[in-house]
Amino acid sequence: MTPITVQDPPALDPGTLRVTPLGGLGEVGRNMTVFEHGGKLLVIDCGVLFPEEHQPGVDLILPDFEPIKDRLDDIVAVVLTHGHEDHIGAVPYLLRLKPDIPLVGSALTLALVEAKLKEHRIKPYTLLVAEGGRERLGPFDCEFVAVNHSIPDALAVAVRTPAGMVLATGDFKMDQLPLDDRLTDLRAFARLGEEGVDLFLVDSTNADVPGFTPLERSIGPVLDQVIGKAPRRVIVASFSSHVHRVQQVLDAAAAHGRRVALLGRSMVRNMSIAAELGYLNVPDGVLIDYKKARELPDNRIVYMSTGSQGEPMAVLSRMANLDHEIEPGPGDTVILASSLIPGNENAVYRVIDGLTKLGANVVHKGNAKVHVSGHAAAGELLYCYNILQPRNVLPVHGEYRHLMANARLAQDTGIPAERTILAENGTVIDLRGGDARVVGQLDLGFVYVDGSTVGEITDADLKDRRILGEEGFISVIVVVDAATGQIITGPEIHARGFAEDDSVFDDVKPKIAAALADAAHSGVRDQHALAQVVRRTIGRWVSQRLRRRPMIVPLVIEA
């Protein structure tokens, strides 16, 4: 995919619908799309992206709200398709800017986002909807369609305007025997197709996977077998919102006389909500408090934890690092019941290696069928294209290879290439009269959440952190005479992250002194300029002598 040149879009013509993805294209996460019509905005989803190894210290990555920051009063609603973090995780940060933006979603989705907002001390205005429902949100006529996903209550959204109809699937698959008996409503898809879908925003995550996504219920017997044969403790790691997977673990544990303790704040919170709303059926006497669980024999307990993506501070990673009260060992069984989000592979395999080294038997998707995806594979997407026969297609929710594969599937079903839009975050698409065309490209960036700061960390800061972690750090202190520029004290050199002792820098000290003397002879007295002389001199020496490019902080003090 060729990057699109930044180009400001023209003013929006009356009667035209503008569609601008702010996240979720070229990445698995940050899903957020803005629709504009008649001077009003509708937002579908507002999720986060989880950081990768080259983004040290970052907690979350948000969509770039800059294009809508000065138009918050124009937002009629944020429609949330389902309750996964990559679709709801950024809602608190948007509502910090304007707390009364209405949130629209199904029962479980709203309950999960309300619990999240409570931690941010925000009480939202919400509108509960369900499949088959239809709501007028400003100039947008929205119809909600049931879709099957790896979390209950997921919805697709059909957005009708005078400019045309858009159907956004959210994340979905077409499991024909779902655990909750809630099928993707293909009859509604067919009806919308007959009416005419002008633009189809479709989940691309599994577009490069041939065939059909396996049935969710095929996982239950495998979990039952693994838990039934486990000689000691069982630890199952999954997404904290994967209600179906937790249900299967509860059922397997009950069948083998084991109790289940939930670990991780988000896991406890989400499953409490799911049980309260009736989405999780907890067998009598199976759930037990974590502290009481430690009193049970090892062969009578299952721990259900977070950390399936190798997150450093999540429960499973801390167990692997022996930084948790539960220390896995020989005879213990650890099940990673989740997929690998792209970018997390190294972190996950590190956790697997760490647990294996401790003697645990690690069961994961690579050696047992303990997870199936929540996203439609190529065969399911072809069915959708043939049922809907959309006029235009915008693949969303996936990395570039996924978007490209999805576009090819659309074209295989007869949709012309010129009506298959391969876009990036910030691509501006105008829809009118059945014609969708790219009219601009916004310059969007990553917004990093780093502890309590939001948006203050830059890519340059992350580069500094990577250099600190990979190349080391050197500080140089020199005191010079303010009048003559001659060195009075120093250079004093301290290094961190080097195998060598600080004495290795004795060879460069005369070079620094000579460089400063030359600068003083040339009339240089400015402290910043002298500090740059020090940085260049020691930087060249370290590069040649030690083959390193550390962060160098020179301090020149005048006396």
Side-chain angles (χ1 to χ4, degrees), residues 9 11-25 30-47 63-82 87-88 90-91 93-95 97-106 109-110 113 124-131 133-145 147 154-171 192 197-203 392 394 396-397 423 425-432 436 439-440 442 444:
L12 183 60
D13 290 335
T16 301
L17 174 65
R18 178 160 286 175
V19 181
T20 310
L22 299 187
L25 276 68
R30 290 207 306 169
N31 296 293
M32 182 176 184
T33 305
V34 177
F35 297 77
E36 180 179 359
H37 183 75
K40 297 296 183 181
L41 305 178
L42 175 74
V43 178
I44 293 185
D45 289 327
C46 188
D64 190 344
F65 299 145
E66 196 60 38
I68 60 172
K69 265 188 177 176
D70 60 351
R71 299 196 58 190
L72 297 174
D73 291 337
D74 295 333
I75 301 176
V76 296
V78 176
V79 175
L80 302 171
T81 59
H82 65 280
H87 289 256
I88 68 169
V91 169
Y93 301 94
L94 180 61
L95 263 56
L97 304 177
K98 191 174 190 293
D100 61 346
I101 297 174
L103 304 179
V104 180
S106 57
T109 303
L110 290 181
V113 80
Y125 171 73
T126 59
L127 174 63
L128 177 65
V129 295
E131 61 263 29
R134 198 160 167 174
E135 293 288 341
R136 186 86 185 180
L137 303 171
F140 307 97
D141 179 1
C142 296
E143 180 179 348
F144 304 94
V145 180
V147 291
L155 296 169
V157 187
V159 181
R160 293 179 177 87
T161 71
M165 188 219 294
V166 178
L167 176 61
T169 64
D171 289 352
L192 293 170
V197 174
D198 296 292
L199 182 61
F200 188 32
L201 273 65
V202 56
D203 179 10
N392 303 275
L394 175 62
V396 295
H397 305 173
N425 292 332
T427 299
V428 182
I429 299 150
D430 281 358
L431 176 68
R432 184 171 185 172
V439 298
L442 306 180
L444 300 183

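The model shown is predicted, which means the values in this text are computed figures rather than measured ones.
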With heavy-atom distances below 4.5 Å as the criterion, would you say the side chains of [X] and [Y] are in contact?
X: Val129; Y: Cys142; answer: no
X: Phe65; Y: Leu97; answer: yes
X: Val166; Y: Leu394; answer: no
X: Leu95; Y: Pro124; answer: yes
X: Pro162; Y: His37; answer: yes
X: Val159; Y: Ile44; answer: yes
X: Asn425; Y: Leu22; answer: no

Output the distance between atom [atom1] ([X]) and atom [atom2] ([Y]), rounded to the nearest 0.5 Å.
X: Thr427; Y: Leu442; atom1: OG1; atom2: CG; answer: 8.0 Å
X: Thr161; Y: Leu42; atom1: OG1; atom2: CG; answer: 10.5 Å
X: Tyr125; Y: Leu103; atom1: OH; atom2: CG; answer: 10.5 Å
X: Thr109; Y: His82; atom1: OG1; atom2: NE2; answer: 8.0 Å
X: Met32; Y: Leu94; atom1: CE; atom2: CG; answer: 5.5 Å
X: Cys46; Y: Leu80; atom1: SG; atom2: CG; answer: 8.0 Å

Measure across [X] and [Y] and return the closest heavy-atom pair with its distance rounded to 0.1 Å.
X: Phe140; Y: Phe35; value: CZ-O, 3.6 Å
X: Met165; Y: Ala158; value: SD-CB, 4.3 Å
X: Pro21; Y: Leu25; value: CB-CD1, 3.7 Å
X: Arg432; Y: Pro14; value: NH1-O, 3.1 Å
X: Leu41; Y: Val34; value: CD2-CG1, 4.1 Å

Show, in sequence, the C-alpha distance, side-chain angles and deciding distance for Glu143 and Val157, and conclude whether the side-chain contact (heavy atoms from CB on, under 4.5 Å) test is met. CA-CA 6 Å; Glu143 180 179 348; Val157 187; over 6 Å; no

Stepwise, does the side-chain contact (heavy atoms from CB on, under 4.5 Å) test hold for Phe144 with Val104? CA-CA 11 Å; Phe144 304 94; Val104 180; 3.9 Å; yes

Check against side-chain contact (heavy atoms from CB on, under 4.5 Å), Leu199 and Leu201: CA-CA 7 Å; Leu199 182 61; Leu201 273 65; 3.7 Å; yes

Just jot down the salt bridge (charged side-chain N to carboxylate O under 4.0 Å, His left out) partners of Lys98, sequence neighbours excluded, or say none.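 Applying salt bridge (charged side-chain N to carboxylate O under 4.0 Å, His left out) to Lys98 gives Asp73, Asp100.
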
Partner set under salt bridge (charged side-chain N to carboxylate O under 4.0 Å, His left out) for Asp430, not counting sequence neighbours: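 Partners of Asp430 under the salt bridge (charged side-chain N to carboxylate O under 4.0 Å, His left out) test: Arg18.
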
Option from Thr20, Ile75, Asp74 for which side-chain contact (heavy atoms from CB on, under 4.5 Å) with Ile68 holds: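 Among Thr20, Ile75, Asp74, the one that satisfies the side-chain contact (heavy atoms from CB on, under 4.5 Å) with Ile68 is Ile75.
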
For a side-chain contact (heavy atoms from CB on, under 4.5 Å) check, start with the C-alpha distance between Asp198 and Arg160, then their side-chain angles and the critical distance, and finish with the verdict. CA-CA 10 Å; Asp198 296 292; Arg160 293 179 177 87; over 6 Å; no

Taking atom types as modelled, is there a side-chain donor on Asp45 or Thr81 under 3.5 Å from an acceptor on the other?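 Side-chain D/A pair, Asp45 to Thr81: present.
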
Backbone of His87 reached by a side-chain donor or acceptor of Arg30 within 3.5 Å: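 Not a single qualifying donor-acceptor pair exists.
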
